[in-house]
Number of protein chains: 2
Amino acid sequence: MLKTKFTTPQIYNDLHMQLVTAQIPQGTKLRSEHLRDRYDCSANTIREVLFRLASAELVVFEEQRGFRAQPADRERLHHLTTFRVLLEQEGAATSIQKGGLEWEAQLSAAHHKLSHIEGRIDEARFDVAVLRLWSLAELEFHDTLISACGSPFLRSNYRRTYDQFRQQKIMQPDYGFHPENALEHQSIIDAALARDEPGCKRAIYEHMKRNLRDGGASGEHAP
Amino acid sequence: MLKTKFTTPQIYNDLHMQLVTAQIPQGTKLRSEHLRDRYDCSANTIREVLFRLASAELVVFEEQRGFRAQPADRERLHHLTTFRVLLEQEGAATSIQKGGLEWEAQLSAAHHKLSHIEGRIDEARFDVAVLRLWSLAELEFHDTLISACGSPFLRSNYRRTYDQFRQQKIMQPDYGFHPENALEHQSIIDAALARDEPGCKRAIYEHMKRNLRDGGASGEHAP
DNA sequence: ATTTCCAAAAATTTCGAAATTTTTTGGAAT
DNA sequence: ATTCCAAAAAATTTCGAAATTTTTGGAAAT
């Protein structure tokens with residue numbers, strides 16, 4: 001294998017990407033020695049990167065016991081989903097109130113990109129490169145949706161939660177792309193552009209409920 | 001000065017405490033060399049602790065430029081407040097729905113401790129030891145209030161936000177203890193125990209609005 | 001007086017190895 | 001066969017110093 005010299009931020013980005021696209025399997029122990037070899041740097045540099053990933057909660061750190069990738073856990077996915085629903089409903093509702101033409105335009109653009117990728121996703125459903133593109137486009141769409149809410153902490157906490165959600169979602173043994181997804185995104189943007197707050201909240205809940213413990217049967221966080 | 005040997009977690013706790021009680025002034029540069037001297041350990045150990053504090057956002061890290069304590073910033077306090085209001089209103093409302101007798105009992109206990117401390121706070125308003133006790137008791141009260149919401153992520157994100165809020169609040173040049181505080185806490189617990197969701201949300205907003213940009217004049221996040 | 005440049009000083013980051021701790025292994029006693 | 005314990009192996013954490021980068025301070029030029 002070819003060793004290339006990486007800078008610390010590059011190592012961080014590379015590992016982050018691998019974690020949220022499940023190229024590093026659930027619960028894998030992340031040994032400094034192995035990674036040190038892969039990235040051609042000292043154990044200390046790896047340790048530093050792993051600490052940063054632990055702060056993003058993509059990696060679990062235990063004193064004197066090292067680091068491991070977050071294990072796959074349906075319960076965790078459920079809780080990440082309820083929290084995402086809360087933040088996105090609030091962020092979207094406020095954006096609908098406050099957002100202007102610029103927001104609408106950015107939202108259209110993000111949705112256009114996303115639906116273009118979703119349109120040809122069955123051709124290469126499990127291609128890692130496509131998965132990466134789709135993942136970025138999906139995040140951009142949801143982030144743009146809440147981007148006019150005026151609360152930087154809502155956005156940064158949403159972002160952190162989204163990454164953890166994505167990591168869990170992709171790690172689930174029965175993971176697969178749902179074609180309904182594209183329709184659900186359409187419902188969300190339709191309601192948002194129509195300035196329909198309750199409708200948008202409902203569409204967000206409908207989009208995410210399949211990740212809840214009971215598949216959303218209880219309607220617990222429905223608006 | 002006496003040098004005592006600290007373990008890494010002790011260094012973390014000590015610095016964390018100093019940061020949220022403003023014993024380390026706003027924007028202070030945190031040099032490895034200086035702290036390394038204070039805690040009698042290597043620069044690397046300090047670096048590790050500072051990374052963890054940066055992940056709690058009490059400390060700002062900039063590549064090649066080191067660490068500094070978060071600067072005092074009214075705008076930041078405003079945004080932390082709106083986010084706290086969102087999480088606490090949601091967490092309290094859900095706890096009111098789901099919480100049982102155990103929750104009520106814990107809430108009473110936390111409020112009792114808090115009001116006992118608040119009762120004698122003017123005697124020693126700026127005593128650091130009292131401030132520390134009060135700060136812990138206030139956090140415990142608010143955390144207990146939302147503790148029956150069933151969402152571990154809501155709680156952990158609230159906790160992170162609270163610490164940042166406390167750091168900002170205490171750093172503000174005009175910081176002082178408000179006697180109304182005790183009454184506001186009373187209103188919150190009264191509404192919570194009466195299972196009055198809208199009332200509790202209103203009380204939470206009233207409790208925090210003085211930290212908003214305009215002192216809450218616009219009523220933006222009122223329920 | 002202001003700006004630009006350069007060298008010295010100071011701070012941060014990275015390194016390789018030593019010290020510590022956890023985990024595994026293998027043998028003796030129950 | 002099972003449990004317990006000690007020794008070996010493996011992994012993590014800490015260290016002191018070297019390498020890199022930023023900051024500082026003063027001299028030269030505008």
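Order of the sequence lines fixes the chain letters, A, B, ..., with proteins taken first and strands second; residue numbering starts at 1 for each chain. If you're wondering where the values come from, they're calculated on a predicted model, not measured in any experiment.
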One thing to verify: whether [Y] and [X] come together as a salt bridge, which I'm taking to mean a side-chain N less than 4.0 angstrom from a carboxylate O.
X	Y	result
B:R47	B:E33	no
B:R159	B:D143	no
B:R166	B:E138	yes

Polar atoms only, N or O, under 3.5 Å: list the protein pairs with nucleotides 16-21 of chain C and their distances.
residue : atom : partner : partner atom : Å
C:dG16  : O6   : A:N44   : ND2          : 3.2

* **From CA spacing to verdict: side-chain contact (heavy atoms from CB on, under 4.5 Å), B:L35, B:V49** => CA-CA 11 Å; B:L35 295 169; B:V49 169; over 6 Å; no
Would you kindly give the [atom1]-to-[atom2] distance between [X] and [N], to the nearest whole Å?
X	N	atom1	atom2	answer
B:L35	C:dA11	CG	P	12 Å
A:R31	D:dT12	CZ	P	7 Å
B:I46	C:dT13	CD1	C1'	15 Å
A:L30	D:dT12	CG	C1'	14 Å
B:Y39	D:dC15	OH	P	15 Å
A:F6	C:dT14	CZ	P	15 Å
B:Q10	D:dT14	CD	P	12 Å
B:F51	D:dT13	CZ	P	16 Å

* To do: For A:E48 and for A:E63, find the nucleotide of DNA chain C with the closest heavy atom, then tell me which residue's nucleotide is more 5'.
  => A:E48
* **Other residues, nucleotides, ligands: >12 heavy atoms within 6.0 Å of A:K113 NZ** => no
Ignoring backbone atoms, test whether [X] places a side-chain nitrogen or oxygen under 4.0 Å from the OP1 or OP2 oxygen of [N].
X	N	answer
A:K29	D:dA11	no
A:T45	C:dT13	no
A:T8	C:dT14	yes
B:R47	C:dT12	no

* For the student: nearest non-hydrogen atoms of B:Q168 and B:D73, plus distance -> OE1-N, 3.0 Å
* To do: Using the six-membered ring wherever Trp is involved, compare the ring planes of B:F67 and B:F61 and label them parallel, tilted or perpendicular (cut-offs 30° and 60°).
  => tilted
* Asked: From C:dT14, C:dA11, D:dT23, pick the nucleotide closest to the side chain of B:R65?
  -> D:dT23
